[in-house]
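Residue numbers count from 1 along this sequence. Please read all numbers here as calculations on a predicted model, not as lab measurements.
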Amino acid sequence: MKPIAYIKIQYSDHTYTATVHNTQQLEDYFSCNLAPFKILGTNIVDAQAANSIARTLNRISRFGHSLNKCATWIIH
């Protein structure tokens, strides 16, 4: 399966670049780890998936803010 995006995530102690194959994978990853994070950048590989990725990141961001976590994102 080809990646649809690469998302750079900053935690308090390290930075991680996630290789995303589908949006459910992205949602599962963030739901397993409630540590504060910040999305530093997004590299969309599959243009057809861009809208779905943006919706998922927006939903994750709103949930993070509701938990009083730092969950922001920027799409380049």
For a quick test of your reading: what N or O donor-acceptor pairs under 3.5 Å do the side chains of residues 17-27 make, sequence neighbours left out?
unit_1	atom_1	unit_2	atom_2	d
His21	ND1	Met1	O	3.2
Asn22	OD1	Gln24	N	3.2
Asn22	OD1	Gln25	N	2.7
Gln24	NE2	Asp28	OD1	2.7
Gln25	OE1	His21	N	2.6
Gln25	NE2	Thr19	O	3.3
Glu27	OE1	Arg59	NH2	3.0
Glu27	OE2	Arg59	NE	3.4

Do the ring planes of Tyr11 and Tyr29 sit parallel (below 30°), tilted (30 to 60°) or perpendicular (above 60°)?
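Rings of Tyr11 and Tyr29: perpendicular, over 60°.
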Working to the nearest 0.5 angstrom, can you tell me the gap between Ile53 CD1 and Ile7 CD1?
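Between atom CD1 of Ile53 and atom CD1 of Ile7 there are 6.0 Å.
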Got Ile44 and Tyr6 here, is their nearest side-chain heavy-atom distance under 4.5 Å?
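No - every pair of side-chain heavy atoms lies 4.5 Å or more apart.
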Do Val45 and Ile39 sit in one hydrophobic cluster, given that two such residues count as connected whenever their side-chain heavy atoms are within less than 4.5 Å of each other, even indirectly?
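Different hydrophobic clusters.
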